[in-house]
Structure formats: C-alpha cells, structure tokens
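Just so it is clear, the model here is predicted, and its values are computed rather than measured.
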Amino acid sequence: MSNILMQRGQEWLKTLLELTGIPAEIQGNLETSQSQEGDSPEPDNYWLTIDQTNLTSEQIQILIGADGSVLDAIQYLANSVLNLSQPPEEQASYTIELNGYRVKREAEIRALAEAAADEVRFSGREVEIKSLSSAERRQVHTFLKEFGDLETFSRGKEPHRHLVVRPTSLEGVGS
C-alpha cells in the first residue's frame, strides 16, 4: 500500500511541476509515525523531495516562495487532492521538500517553541507565537506535547490565528 501512495504522490507532484513549466524529478521517502499510547494512529508521512539538480536558483526561490508560502500551498494541494475520496485508512500525509527548506524551518520552529516554553516557565504567563502556518502550529503542538507542565492551543481566525503556550495550571483562562 505504501508504495502505491508514494508513487501517487510523486506522479501528482511531477505532473503539477510540468504543468507550471518547471519539470523536475521527485524523490520519495516514507516517514512512519510513532503514536503515543492512547493517541489515534497518525497516517504515514511521505516526504516528496523535488530534485533541484536541473533547477535554477530563481526556479527554486519561486517554488519555495516568500516564507515558504508556495511550498506550503503545493503541500496543501497535495494533501487535499491525493486524499480526496480516499477512505480514512488509505489517507496519507505528504510533506513537500525543496532545497532543505522544511528541515531548516523545522529547526527554526523547534527553537521558537523551546524559547516560548522557557519564557512561559520563567514568567508563569502565556505566550503567543504569531506568523505560523497551520502546519507549523501543528509542529509546535507536537513538540511541546511531551512537556506535562505546558499546554498549547490556537487562538483567533485565519489569517490572524496564533499559537498560545501556557502553564497547565492556567486551564480556565482563555479557553
């Protein structure tokens, strides 16, 4: 099953790029999720990496976009289109990577989450993290889930939705 889902993702992305006039090969890599006890199993995550070998630096910048906006949009489309009409057990999560952008951004987001956690622990007050995409907010929720003394939630409506980190002892406040 996983090979079929990976191939579907690779073919879809390759076709999309050809339609935009930027043909490129796509490498696929399966990242299996480790579900915690009691968590619902998460779908497998397929990393679809755009081979930049034959791309110009301008094409790479166009495909990544300002603050990863184009890469985020392509990833959103991939997840929407490739899971459309699929039964839940056959759905997958796709991450689109180019030029190491996702890996670098994940490190930045982890540092941001750790800094927010430190600030909350030091001040005892909630901290809002702004300017994150929904996928990046999910990453922070996941990073900070392991800390029993902190909780996270999102506040506001898109495009002004923020992630809030606070001590678990403030449960009644702001929910």
Does Glu151 pair with Lys145 as a salt bridge, N-O distance under 4.0 Å? no
Would you call Arg105 and Asp72 a salt bridge, using N to O less than 4.0 angstrom? no
Just verifying a value: how many Å separate Gln52 CD and Ser57 OG, rounded to the nearest 0.5 Å? 10.5 Å
Spacing of CD belonging to Glu25 relative to CG belonging to Leu55, to within rounding of 0.5 Å: 10.5 Å
Which residue pairs pass the ring-ring contact (aromatic ring centres under 6.0 Å, His included) test when at least one of the two sits in residues 102-149, sequence neighbours left out? none
ring-ring contact (aromatic ring centres under 6.0 Å, His included) partners of residues 61-102, not counting sequence neighbours, each pair once: Tyr46-Tyr94
With sequence neighbours left out, which residue pairs that include part of residues 50-62 fulfil the salt bridge (Lys or Arg N to Asp or Glu O under 4.0 Å) condition? none
So [Y] and [X], do their side chains get closer than 4.5 Å, heavy atoms only?
X: Val140; Y: Glu136; value: no
X: Ile50; Y: Asn99; value: no
X: Ile74; Y: Leu13; value: yes

Give the intermediate values and the outcome of side-chain hydrogen bond (donor to acceptor under 3.5 Å, both in side chains) for residues Gln139 and Arg110. CA-CA 8 Å; Gln139 282 182 308; Arg110 183 177 290 276; over 6 Å; no
Check whether more than 12 heavy atoms from other residues, nucleotides or ligands sit under 6.0 Å from atom CG of Asp149, and answer yes or no. yes
Once side-chain contact (heavy atoms from CB on, under 4.5 Å) is applied, do any residues pair with [X], and if so which ones, sequence neighbours excluded?
X: Glu18; result: Lys14, Pro23
X: Asp118; result: Arg121
X: Ser134; result: Arg137, Arg138, Glu158

